[in-house]
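First the structure, in the form of structure tokens, and then the observations on it.
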Amino acid sequence: MIYKREKLEEIEQMALAPYGLKSADSRGRVYPEAESASRPAFVRDRDRIIHTTAFRRLEYKTQVFVYYEGDHYRTRLTHTLEVAQLGRSLARGLGCNEELTEAICLAHDLGHPPFGHAGEYALNRLMADHGGFNHNTQSYRIVTKLEERYPNFPGLNLTYETREGMIKHETDYDKSDAEGYEPGKRASLEAQISNLADEIAYNAHDLDDGLRAGMFEMAALDKLTLWQELKEVVGWQSERPLPNITRHELIRELIGQSVTDVLAQTSQNLTENQIDSVEKVQNHPVNLVSYSPEFKTKVRQLKKFLLDSMYHHYRLIRMQTKAERFISELFQAYAQEPNMLPTGTKKKLDEAPLHRVITDYIAGMTDRYALDEWEKLYDPYRRA
């Protein structure tokens with residue numbers, strides 16, 4: 001038996017909770033298109049995102065460690081895949097739309113420039129007088145304007161719900177302007193799930209990568225309530241060596257506890273607030289997808305530890321400082337002489353201001369491409 005789109009939409013209607021977004025109820029796309037015969041709308045969105053150039057480039061974009069630091073640290077792509085996996089697990093447990101959640105998760109970092117947050121800070125500073133730079137907004141710009149894959153419209157022509165989930169993506173570090181997407185309303189539960197899946201993923205994998213890199217003093221980690229609980233579950237003591245297999249156990253337990261807590265607390269939030277429709281989700285004054293108060297306190301303690309002991313570690317500061325210099329010098333070189341831009345990029349000056357075109361170009365670079373471009377511009381012995 002072949003399940004056509006209409007049958008899959010019927011299954012969604014029966015299987016999803018009343019507050020889960022259904023494909024058949026989508027507000028649609030900016031440019032009218034015939035529906036797929038075999039895929040509901042949000043599945044089609046997910047597939048379009050995966051096939052973008054921007055998605056493939058995430059493989060060589062920094063998460064925390066620049067690619068030459070080692071092959072086993074997370075990249076922006078592996079982070080994105082971990083977020084999508086966590087998002088689907090949470091959506092399934094709550095009766096939400098897994099495909100919409102996955103689409104939002106897969107798209108949430110498309111706009112990240114090379115060298116992680118250091119690249120973002122540099123571009124935002126350089127664009128201060130020209131509209132600024134934010135990777136959430138850039139992700140949205142990619143799927144609505146910059147990707148060139150279809151003859152009849154720019155971007156990917158994603159559904160309203162996926163675009164809304166992207167533009168309303170938020171964490172402690174990221175906020176976006178949701179103008180045009182009912183900014184006074186909360187994001188869908190699927191988008192809220194994506195937000196917290198992002199946080200769970202980076203807390204776990206940054207701790208994992210930091211441990212692998214030997215950045216942490218165990219005495220400092222032992223001050224964390226969550227770390228003590230994780231050690232107790234796996235039966236490991238800080239005085240002993242930390243084998244790779246034990247590190248994997250600790251991180252797996254952290255992820256498991258995080259997911260279990262979010263499912264339990266969010267379910268409680270939905271029940272207590274009598275949430276039985278998408279409209280009630282979006283009109284609720286606060287996000288419904290959340291940690292429990294007790295677990296949130298433990299997570300905040302962990303995040304502060306990572307900020308102090310990892311993100312402010314001298315090795316990362318050195319990497320970030322170099323990265324900001326590379327980005328700044330590339331930007332300034334192109335701004336002073338736009339004719340150094342590649343032919344295809346320079347043509348875009350007919351549609352957008354110079355500084356935005358430069359930013360789009362740099363933001364789309366992978367780490368190694370940015371380094372290669374910098375060498376072409378500044379190394380006298382390197383051919384242009």
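Computed from a prediction, not measured in an experiment: that's the story for all the values here.
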Side chains of [X] and [Y], donor plus acceptor under 3.5 Å:
X	Y	result
Thr75	Glu59	no
Gln265	Asn269	yes
Arg125	Ser328	yes
Asp261	Ser292	yes
His169	Asp198	yes
Gln138	Asp360	yes
Glu253	Gln257	yes
Tyr334	Glu373	yes
Lys346	Asn339	yes
Ser258	Asn203	no

At their closest point, which heavy atom of [X] faces which heavy atom of [Y], and how far apart are they?
X	Y	result
Cys105	Ala84	CB-CA, 3.6 Å
Leu81	Phe55	CD2-CZ, 4.2 Å
Arg356	His130	NH2-O, 3.1 Å
His284	Arg186	O-CG, 2.7 Å

If only atom types and distance count, is the side chain of [X] paired as donor or acceptor with the main-chain N or O of [Y] below 3.5 Å?
X	Y	answer
Thr137	Phe133	no
Lys4	Ile2	no
Arg163	Leu158	yes
Thr246	Leu242	no
Tyr378	Glu329	yes
Ser26	Lys22	no
Asn287	Val289	no
His312	Ser309	no
Asn273	Ile275	no
Glu12	Ser23	yes

[X] bridged to [Y] by N-O distance under 4.0 Å:
X	Y	value
Lys280	Asp276	yes
Asp109	Lys61	no
Glu294	Lys298	no
Glu190	Arg46	no
Asp45	Arg29	yes
Asp308	Lys304	yes

Considering only Ile, Leu, Val, Met, Phe, Trp and Tyr, and joining two whenever side-chain heavy atoms are under 4.5 Å apart, list the other residues clustered with Ile104.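 Reading the cluster by chain and number, Ile104 sits alongside Leu21, Phe42, Leu100, Val278.
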
Residues sharing Leu16's hydrophobic cluster, by side-chain heavy-atom contacts under 4.5 Å among ILVMFWY, directly or via others?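 Members besides Leu16: none; it forms no cluster.
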
Over 12 foreign heavy atoms within 6.0 Å of [atom1], [X]:
X	atom1	result
Glu337	CD	yes
Glu232	CD	no
Lys347	NZ	no

Report the C-alpha distance between Asp372 and Lys376 in whole Å, list the side-chain angles of each, state the deciding distance to 0.1 Å, and finish with yes or no for salt bridge (Lys or Arg N to Asp or Glu O under 4.0 Å). CA-CA 6 Å; Asp372 190 57; Lys376 288 178 181 178; 3.6 Å; yes

For the residue pair [X] and [Y], establish whether any side-chain heavy-atom pair is separated by less than 4.5 Å.
X	Y	answer
Trp227	Leu250	yes
Gln192	Leu288	yes
Leu196	Tyr291	yes
Phe153	Glu33	yes
Thr366	Pro114	no

Does the ring centre of His108 sit less than 6.0 Å away from the ring centre of His79?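 Close enough - the centres of the two rings lie under 6.0 Å apart.
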
Does Arg88 form a salt bridge (Lys or Arg N to Asp or Glu O under 4.0 Å) with Glu99? I'd like the steps, not just the answer. CA-CA 8 Å; Arg88 287 201 70 132; Glu99 282 76 23; 3.3 Å; yes

Answer with yes or no whether the hydrophobic clustering places [X] together with [Y]; edges join I, L, V, M, F, W, Y residues whose side-chain heavy atoms lie under 4.5 Å apart.
X	Y	result
Tyr31	Val143	yes
Leu106	Val83	no
Leu307	Ile317	no
Ile49	Val43	no

If you measure from CG on Asn157 to CG on Asn152, what distance do you get to the nearest 0.5 Å?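 Going from CG on Asn157 over to CG on Asn152, the span is 10.0 Å.
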
Should the pair Arg48 and Tyr150 be classed as cation-pi, given the thresholds of under 6.0 Å to the six-membered ring centre and 45° from the axis?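 Judged by the rule, Arg48 and Tyr150 form a cation-pi pair.
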
Check against salt bridge (Lys or Arg N to Asp or Glu O under 4.0 Å), Arg76 and Glu120: CA-CA 13 Å; Arg76 192 62 60 178; Glu120 182 165 15; over 6 Å; no

In chain order, what residues pass the side-chain hydrogen bond (donor to acceptor under 3.5 Å, both in side chains) check against Tyr369, with sequence neighbours excluded?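 By the side-chain hydrogen bond (donor to acceptor under 3.5 Å, both in side chains) rule, Tyr369 matches Tyr361.
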
